[in-house]
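Along the sequence shown, residues are numbered consecutively beginning with 1.
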Amino acid sequence: MRIPAVVMRGGTSKGLFFHERDLPTDPGTRDRFILAAFGSPDPYRRQIDGLGGAVSTTSKVAIIGDGAAHGVDVTYEFGQVGIDQPLIDRRGNCGNISSAVGPFAVDEGLVTPTDPVTIVRFLNLNTDKVIVAHVPTLNGRFNPLGDFELPGVPGTGSQLQLDYMDPGGAVTGKLLPTGNLVDELKVPGVGTLQVSMVDAANPLVFVRWEDLGLSGLELPSEIDADSALLARLESVRAHASVLAGISDTIENATLTAPSVPKLSIIGAPRTYTATNGTVMDGVETSARAAMMSMGRTHNSYPLTGAIATTVAANLPGTIVHQAADRSRDQFIIGHPAGVLTMTADIVAEGSGWKVNSVSGFRTSRRLMEGFVLVPDQRLESVPA
């Protein structure tokens, strides 16, 4: 099987982009093709026989379709492709990959370009939410060149603005999945933790650094090197998944829904050292955070996670609101690779809140275009 594909970098992730029209219509065959294209499942966790990069941030797929029936330019379905499991998790969205949808749509001729910025409206099918991308264009093509620096990505690029419209309840249907600003989560082997759960663009569970015995100065490599700590973190995430109603059992939370909710370790601003050795001044940030992604520490901070974090910081009573410095109009997240600046339009509505939009910035680049080749027998041997 030979299917056209594009490798796109979006933010601090990259993935394979397909046109929906080019993929097999049978869902099982389509998933087997995608898994084989990535080289999954690979018990050695290398994806050596495919195009995956052996980490969660490079094992992602985007399927782009016609958006006319939905009143948008294109539709976009995201899949987190398992590395050592035959799994494509579609329960949430990826903000990094979302940032490449607009550039892909422009370069594939799916929208009419309007230099110097082309607006691309797309519907994320995972969450049924609309995202508006402000795409820099030059001579009718996406222009990737610029001076915007995105921590976690070498060099600079053009600044892409993404507006997430009405992102609340993207997966669970509720901004606060449990109805509470703070919950007590009992986790065997860890104890009883105070957590906050917010679903905006993606559902996140927030837990304090100190409640996990951490200082907030740890690098991702230090966290990932501690297998016992990783097990505790996954246990917290899995128990939160059940409490939020995303999974029915702790076991299924790990086996069938490893990508949502995501877990964020959060705390007050502090001075720490980023992964590139730069000392980050806590005075210049609103909070210090790190996120887990498919059982490992994310080397930067996913955009959908930043959206939920920004929203949580604006909801009085959450542990994010308690910890954050809210003296600025913008919310600046200090994460392992640097800082991420976000803005939000949130208003009180009755006894709750309405999130009109949350905006963030990313860069993107088209890396490769061509065909993905999968032997026919792989479509039979790879379980879906």
Side-chain angles (χ1 to χ4, degrees), residues 9-14 56-57 92-100 131 133-134 146-164 167 198 200-202 204 206 209 216-220 223 262-293 297-314 318 320-321 323-346 355 357-365:
R9 178 185 63 77
T12 55
S13 295
K14 63 181 176 180
S56 66
T57 52
N93 184 20
C94 171
N96 281 312
I97 295 299
S98 296
S99 67
I131 302 168
H134 302 250
D147 58 6
F148 180 69
E149 293 186 36
L150 180 65
V153 179
T156 62
S158 60
Q159 180 176 272
L160 281 155
Q161 178 177 328
L162 290 173
D163 303 330
Y164 282 72
V198 174
N202 256 342
L204 261 69
F206 298 95
W209 288 97
L217 305 180
E218 291 83 359
L219 291 169
I223 296 174
K262 296 189 182 298
L263 184 145
S264 176
I265 316 172
I266 194 80
R270 65 203 70 186
T271 298
Y272 65 99
T273 302
T275 51
N276 65 357
T278 301
V279 176
M280 309 303 300
D281 189 346
V283 174
E284 298 178 356
T285 64
S286 305
R288 165 73 172 114
M291 268 184 63
M292 305 304 295
S293 176
T297 313
H298 201 288
N299 283 320
S300 57
Y301 208 79
L303 184 56
T304 53
I307 290 168
T309 306
T310 303
V311 171
N314 282 274
T318 69
V320 182
H321 184 272
D325 175 359
R326 302 181 306 281
S327 60
R328 303 175 179 85
D329 292 334
Q330 298 175 317
F331 187 68
I332 304 173
I333 301 170
H335 60 78
V339 298
L340 178 57
T341 301
M342 305 291 295
T343 60
D345 177 9
I346 303 173
V355 183
S357 66
V358 181
S359 299
F361 304 94
R362 280 294 190 260
T363 62
S364 180
R365 193 162 77 84

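- Using a 3.5 Å distance cut-off with no hydrogens or angles, the side chains of Thr57 and Asn96 do not pair a donor with an acceptor.
- Here the CD1 atom belonging to Ile307 is positioned 8.0 Å from the CG atom belonging to Asn93, to the nearest 0.5 angstrom.
- Shortest non-hydrogen contact noted between Pro269 and Ser286 is CG-O, 3.3 Å.
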Q) Checking side-chain contact (heavy atoms from CB on, under 4.5 Å) for the pair Thr363/Gln159: CA distance, chi angles, key distance, verdict? A) CA-CA 6 Å; Thr363 62; Gln159 180 176 272; 6.0 Å; no

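- Side chain of Arg326 to backbone of Arg328: no donor-acceptor contact under 3.5 angstrom is found.
- Among all heavy-atom pairs drawn from Leu150 and Gly11, the shortest one is CD2-CA, 3.5 Å.
- Between the NE2 atom of His298 and the CG atom of Leu263 there is a distance of 13.5 Å, given to the nearest 0.5 Å.
- Contact annotation: the side chain of Thr275 approaches that of Leu219 to within less than 4.5 Å [non-hydrogen atoms, C-beta and beyond].
- In this model, a donor atom of one side chain and an acceptor atom of the other lie less than 3.5 Å apart for Ser264 and Tyr301.
- Thr156 approaches Gly146 most closely through the heavy-atom pair OG1-O, 2.7 Å.
- When all heavy atoms of Cys94 and Thr304 are compared, the closest pair comes out as C-CG2, 3.9 Å.
- Contact between Leu217 and Arg288 at its shortest, heavy atoms only, is C-NH2, 4.5 Å.
- Of the inter-residue distances, the one linking Ile266 atom CD1 with Trp209 atom CH2 reads 9.0 Å to the nearest 0.5 angstrom.
- For the pair Glu284 (side chain) and Gly282 (backbone), a donor-acceptor distance under 3.5 Å is absent.
- Between Ala344 and Thr310, the shortest heavy-atom contact is CB-CG2, 3.9 Å.
- The environment of NZ in Lys262 is crowded: more than 12 heavy-atom neighbours from other residues, nucleotides or ligands sit within 6.0 Å.
- Counting only heavy atoms from C-beta outward, the side chains of Thr12 and Asn299 never approach each other to under 4.5 Å.
- Ser300 contributes no side-chain N or O that, together with a main-chain N or O of Gly152, makes up a donor-acceptor pair within less than 3.5 Å.
- Under the 4.5 Å side-chain criterion, counting only non-hydrogen atoms from C-beta, Val279 is in contact with Thr271.
- Here Ile333 contributes atom CD1 and Met342 contributes atom CE; the two are 6.5 Å apart, rounded to the nearest 0.5 Å.
- Checking Pro302, Ser13, Ser364 one by one against Ile97, the side-chain contact (heavy atoms from CB on, under 4.5 Å) holds for a single residue, Ser13.
- In this structure the side chain of Val198 reaches within 4.5 angstrom of the side chain of Phe206, judged on heavy atoms.
- Taking 4.5 Å as the limit, some side-chain heavy atom of Leu303 sits within range of a side-chain heavy atom of Tyr164.
- With rounding to the nearest 0.5 angstrom, the OG atom of Ser158 is 13.5 Å from the NE2 atom of His134.
- Taking CG from Leu204 and CE from Met291, the interatomic distance works out to 4.5 Å, rounded to the nearest 0.5 Å.
- The closest side-chain heavy-atom distance from Arg362 to Val153 is not below 4.5 Å.
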